[in-house]
Amino acid sequence: MSDKDFAKLMEIAKESIEAAKTMTKTEAIASLYRSGIVTKKGEFNRHYKKLKDFSKEKKNSTIN
């Protein structure tokens, strides 16, 4: 990957992070679905077990 490609990739990542800050829950789930991370119902895809586990940990820690 060239420096120019890397710089463009970083620019896209920064734009995505900024856009995520104002997303609704529905928009966020739709984005994750388009990326193949969650199903249409918002459940984590089997390839993202660690994210699913982390999500459960975060929920449990806010309940206690």
Side-chain angles (χ1 to χ4, degrees):
M1 177 181 296
S2 71
D3 289 344
K4 184 178 178 181
D5 292 337
F6 181 75
K8 184 63 178 173
L9 185 60
M10 292 303 293
E11 180 183 327
I12 292 168
K14 287 177 185 177
E15 290 171 1
S16 296
I17 290 168
E18 287 303 313
K21 290 178 180 178
T22 59
M23 281 184 186
T24 65
K25 182 177 180 179
T26 302
E27 291 170 331
I29 291 171
S31 177
L32 292 171
Y33 172 70
R34 287 190 304 272
S35 300
I37 296 171
V38 299
T39 65
K40 281 187 178 183
K41 294 181 180 181
E43 299 293 323
F44 283 100
N45 192 327
R46 72 178 196 272
H47 301 292
Y48 295 92
K49 182 182 181 323
K50 295 227 184 250
L51 284 176
K52 183 177 182 178
D53 294 343
F54 179 75
S55 177
K56 287 180 182 178
E57 280 180 26
K58 293 298 273 184
K59 283 181 186 178
N60 291 336
S61 68
T62 58
I63 294 172
N64 295 331

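In terms of modelled atom types and a separation under 3.5 Å, the side chain of N45 and the main chain of G36 share a donor-acceptor contact.
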Could you list the donor-acceptor pairs under 3.5 angstrom formed between side-chain atoms of residues 17-32 and any protein atom two or more places apart in sequence or on another chain?
from: E18; atom 1: OE2; to: K21; atom 2: NZ; distance (Å): 3.1
from: T22; atom 1: OG1; to: A19; atom 2: O; distance (Å): 3.3
from: T24; atom 1: OG1; to: E27; atom 2: N; distance (Å): 3.1
from: T24; atom 1: OG1; to: E27; atom 2: OE1; distance (Å): 3.4
from: E27; atom 1: OE1; to: T24; atom 2: N; distance (Å): 2.8

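Here the shortest heavy-atom pairing between F44 and L51 reads CE2-CB, 3.7 Å.
Residues that satisfy the side-chain hydrogen bond (donor to acceptor under 3.5 Å, both in side chains) test with D5, not counting sequence neighbours, are S2.
Ion pairing between E11 and K8 holds under the 4.0 Å rule for side-chain N and carboxylate O.
Hydrophobic clustering, defined by side-chain heavy atoms of Ile, Leu, Val, Met, Phe, Trp and Tyr closer than 4.5 Å, groups L9 together with M1, F6, M10.
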